[in-house]
Amino acid sequence: MELPNVFLLAVDSLRADVVFGDHVATPLMDSLASKGTSFTQCICTSTTTTPSFSSILTGCYPPKHGVRGLQGYRLSPSLTTMAEAFAAAGYETHAEVTGPLLPETGVLRGFEQAHHRQAYKVPFFGWRDEVVERMSSYVRPWFMLLHIWEVHRPYRSPPDFAKRKDRAGYEAAVTATDEWLRPVLDAAGPDAL
């Protein structure tokens with residue numbers, strides 16, 4: 001039996017009340033939720049990205065994994081990361097991340113290829129074409145972490161949208177993100193988990 005590709009999409013600052021409600025159009029995310037597993041209530045281990053991702057990728061709380069903030073902390077070398085576990089199982093491992101998920105924190109340990117993007121003052125989905133291009137060269141089976149920042153404050157606005165810093169601006173960024181993610185998911189393929 002062939003091992004499945006595994007695609008972990010993390011939309012930083014995406015709130016459940018926007019995705020699971022009817023007032024914001026998110027047909028792609030709705031489709032993903034209906035085909036897979038979705039959680040309407042989750043508890044973060046931290047209020048910031050780097051410690052939270054350290055927990056996601058190790059299954060441990062900050063006191064155990066050692067990352068309690070962005071600066072001055074490093075992931076404990078005694079823990080196995082999700083990427084290391086996938087690599088040990090024969091997977092190619094890739095990370096496409098934004099903002100505070102810096103290699104020096106150790107959170108990206110185990111990814112054979114890790115591309116880090118600037119979080120601020122960049123075009124809406126300016127990373128997408130390069131990521132889709134790289135995905136076309138992945139060898140099965142692969143595990144990919146895609147961490148995106150478009151709905152994180154200050155919200156990115158797609159080219160045809162007016163910039164807004166309020167709830168309407170956030171919801172517009174979520175709707176656009178839903179639409180602009182389609183080519184990335186198409187590149188992942190229909191059999192990626």
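Note that the coordinates shown come from a computational prediction; the quantities given were computed from them, not determined experimentally.
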Exercise. Answer yes or no: does atom CD of Gln71 have more than 12 heavy-atom neighbours from other residues, nucleotides or ligands under 6.0 Å?
Key: no
Quiz item: Roughly how far, to the nearest 0.5 Å, is the CZ atom of Arg109 from the OG1 atom of Thr93?
Solution: 12.5 Å
Exercise. Indicate yes or no: at least one non-hydrogen side-chain atom of Ser46 is less than 4.5 angstrom from one of Phe53.
Key: no
Quiz item: When clusters are formed by joining ILVMFWY residues with side-chain heavy atoms under 4.5 Å apart, either directly or through shared neighbours, do Val151 and Phe20 land in the same one?
Solution: no
Quiz item: Honestly curious: do Leu32 and Val24 fall in one hydrophobic cluster under the side-chain, below-4.5 Å linking rule?
Solution: yes
Quiz item: Within a strict 4.5 Å, meaning less than it, do heavy atoms of the Met135 and Leu146 side chains meet?
Solution: no
Self-check item: hydrophobic_cluster_shared for Val184 and Val6, side chain cutoff 4.5 Å
Solution: no
Practice problem: State the CD-CG distance between Glu150 and Leu14, to the nearest 0.5 angstrom. | Solution: 11.5 Å
Quiz item: Do you know which two heavy atoms are closest between Thr81 and Gly110, and how far apart they sit?
Solution: OG1-CA, 4.4 Å
Self-check item: Within-4.5 Å side-chain heavy-atom neighbours: Leu185 and Phe7
Solution: yes
Self-check item: Distance in Å, Leu79 CG paired with Leu57 CG, rounded so as to fall on 0.5 Å steps
Solution: 11.5 Å
Quiz item: For Asp22, does the CG atom have more than 12 heavy-atom neighbours from other residues, nucleotides or ligands under 6.0 Å away?
Solution: no
Quiz item: Distance from Met82 atom CE to Leu8 atom CG, nearest 0.5 Å?
Solution: 6.0 Å
Quiz item: Which heavy atom in Asp191 sits nearest to a heavy atom in Pro4, and how many Å separate them?
Solution: O-CB, 4.5 Å
Quiz item: Of the non-hydrogen atoms in Asn5 and Pro141, which two are nearest, and what is the gap between them?
Solution: OD1-CA, 3.3 Å
Practice problem: Hey, can you tell me if Tyr138 and Trp142 have their rings parallel, tilted or perpendicular (30° and 60° cut-offs)? | Solution: perpendicular
Quiz item: Which heavy atom of Ala95 sits nearest a heavy atom of Leu108, and at what distance?
Solution: CB-CD2, 4.2 Å
Quiz prompt | Note, Ile56 side chain near His147 side chain (heavy atom, < 4.5 Å) | solution = no
Quiz prompt | Test item: Ser31 side-chain N/O and Pro27 main-chain N/O as donor-acceptor pair under 3.5 Å | solution = no
Exercise. Look at the aromatic rings of Phe111 and Phe143 and report parallel, tilted or perpendicular, splitting at 30° and 60°.
Key: parallel
Quiz item: Applying the 4.5 Å side-chain criterion to the ILVMFWY set and letting contacts propagate, would Val18 and Ile148 be lumped into a single cluster?
Solution: yes
Quiz prompt | Nearest-0.5 Å distance that lies between atom OH in Tyr91 and atom CZ in Arg140 | solution = 8.5 Å
Practice problem: Please answer whether the main-chain N or O of Pro100 pairs with a side-chain N or O of Thr50 as donor and acceptor at a distance below 3.5 Å. | Solution: yes
Quiz item: Taking the side chain from Ser136 and the backbone from Glu133, do they hold a donor-acceptor pair closer than 3.5 Å?
Solution: yes
Quiz item: Do Thr98 and Asp12 have side-chain atoms, one donor and one acceptor, less than 3.5 Å apart?
Solution: no
Quiz item: When rounded to the nearest 0.5 angstrom, what distance separates NE2 in His65 from OG1 in Thr45?
Solution: 5.0 Å
Quiz item: Taking the side chain as C-beta and beyond, is there a heavy-atom pair between Pro51 and Tyr61 under 4.5 Å?
Solution: no
Quiz item: Is the count of non-hydrogen atoms from other residues, nucleotides or ligands lying under 6.0 Å from Lys165 atom NZ greater than 12?
Solution: yes
Practice problem: Report yes if the side chains of Thr105 and Tyr73 come closer than 4.5 Å at any heavy-atom pair, otherwise no. | Solution: no
Self-check item: Closest contact, heavy atoms only, Gly106 versus Arg74
Solution: N-NH1, 3.2 Å
Exercise. Please work out whether the ring planes of Trp180 and Phe124 are parallel, tilted or perpendicular, with thresholds of 30° and 60°.
Key: perpendicular
Quiz item: Hey, quick one: are Phe125 and Val97 part of the same hydrophobic cluster, counting side-chain heavy atoms closer than 4.5 Å, chains of contacts allowed?
Solution: no
Quiz item: Quick one: does Thr177's side chain get under 4.5 Å of Met29's, heavy atoms only?
Solution: yes
Practice problem: Using the side chain to side chain donor-acceptor pair (under 3.5 Å) rule, pick out the option among Glu130, His94, Glu96 that qualifies with His115. | Solution: Glu96
